[in-house]
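Presented below is the structure to which this report refers.
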Amino acid sequence: MELHFLPFNLEFKHPFGVSSNKRTHTPVIFLQLKHKEYTGYGEACLPSYLGETRENTLAFFELAKKELKKFDSPQEIRLILESIDKLSPENNAGKAAIDIALHDLNGKLQHEPCYTILKIGKSLPSDTSATIGIDDEKTNSKKIKEAESFSFLKIKTGTNDDKALITQIRKYTDKPLFIDVNQGWNDKFFALDMIYWLKEKNTVLIEQPMPVNKADDMSWLTEKSPIPIIADESVKRLSDIDKTYGCFSGINIKLMKCTGIYEALKMITYAKEKKLKIMLGCMAESSCATSAMAQLMKLGDYIDLDAPTLLKNDPFKGVEYKSGKIILNHNPGIGVSTSLSF
Ligand code: MG
């Protein structure tokens with residue numbers, strides 16, 4: 001197998017604000033994995049708060065390139081991914097890129113979409129939330145208008161005055177909301193008061209209300225909350241499900257956090273055994289990584305896969321969006337194409 005990579009900047013239509021920062025673009029690295037006449041594609045999405053840089057991801061891909069030469073066939077997928085995982089204790093986005101490319105390549109070799117090979121079955125078009133980052137009122141009203149066809153909105157909060165932010169949003173829409181606090185609330189009593197207030201404003205769930213290091217407060221909050229509390233930053237990989245058990249009512253699984261489809265499936269199976277809700281989420285990824293995650297769509301309770309709709313220079317074609325729904329195609333692998341040259 002031959003591995004090629006291409007650094008790229010994905011640009012937002014509107015600068016993207018969360019509780020900790022605002023950015024205009026996200027660095028990514030696209031992968032091309034070749035075997036015989038077949039090509040698989042992958043993507044590592046590297047927003048800076050994850051701590052994975054382009055430099056250390058490229059260094060990781062150099063190691064992975066050597067490792068991949070030890071295998072004759074991409075169909076040894078489990079063995080390959082387990083050995084790639086051992087190359088570094090971190091680099092989860094880099095590992096996810098290789099996992100995605102391998103799944104894509106295998107699908108193409110077998111002329112089947114990944115969802116068939118993974119025995120999941122094709123999902124019907126699903127409602128996905130549309131994300132509204134933190135912004136001024138004028139820009140937010142514009143973004144809400146652009147998201148008109150979506151049935152749910154995901155609002156990023158964690159501002160100095162979240163009640164004012166939501167009151168402002170409610171001037172423009174009465175759609176059900178997912179509220180993503182991105183660890184922005186520090187006091188559990190304040191957080192519980194906010195959750196009750198938000199429930200009255202038609203909020204369906206709250207994502208990561210408090211910082212990762214406040215596990216006891218989070219568990220107190222989840223016990224008392226009238227709506228589901230979903231982990232994001234607190235749960236990256238499979239082992240985090242046990243570490244945070246009791247702190248949340250569900251988990252947001254993202255390929256870039258969990259190292260890819262292989263581990264995401266293990267997490268879904270285990271989380272369901274533990275009666276946790278499953279949200280399938282993404283970083284600010286292109287249609288490449290989003291189409292990979294969409295293969296698992298049938299297994300999610302909440303779908304939050306709108307990243308490509310926030311971008312102005314997505315170089316991949318894959319999943320499509322119509323009437324607020326994300327639609328998967330029947331093409332082999334993860335079902336993507338691109339005119340990028342590596
Ligand atoms: Mg989140």
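Indexing begins at 1, ligand by ligand and atom by atom, following the structure's order. Everything quoted here is computed from the prediction, not taken from an experiment. These values consider heavy atoms only, across backbone and side chains, with no hydrogens, waters or symmetry-generated copies. Residues: numbered from 1 along the sequence shown.
Hydrophobic clustering places L79 together with L63 (ILVMFWY residues linked when any side-chain heavy atoms are closer than 4.5 Å, directly or through intermediates).
Side-chain atoms of D301 never come within 3.5 Å of backbone atoms of M279 as a donor-acceptor pair (strictly under, hydrogens ignored).
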Which atom pairs, donor and acceptor, lie under 3.5 Å between side-chain atoms of residues 37-47 and protein residues at least two apart or in another chain?
unit_1: E43; atom_1: OE1; unit_2: S286; atom_2: N; d: 3.4
unit_1: E43; atom_1: OE1; unit_2: S286; atom_2: OG; d: 2.6
unit_1: E43; atom_1: OE1; unit_2: A289; atom_2: N; d: 3.0
unit_1: E43; atom_1: OE2; unit_2: S286; atom_2: N; d: 3.0

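Counting non-hydrogen atoms of neighbouring residues, nucleotides and ligands closer than 6.0 angstrom, the CD atom of E82 exceeds 12 such neighbours.
In this pair, F190 and W185 present their aromatic rings perpendicular. The plane angle is above 60°, beyond the 30 to 60° band.
Shown are D135, D162, D180; of these, the salt bridge (charged side-chain N to carboxylate O under 4.0 Å, His left out) with K156 is made only by D180.
Take a cut-off of 2.8 Å around the Mg ion (ligand 1): the protein N, O or S atoms inside it are D180 OD2, E207 OE2, D232 OD2.
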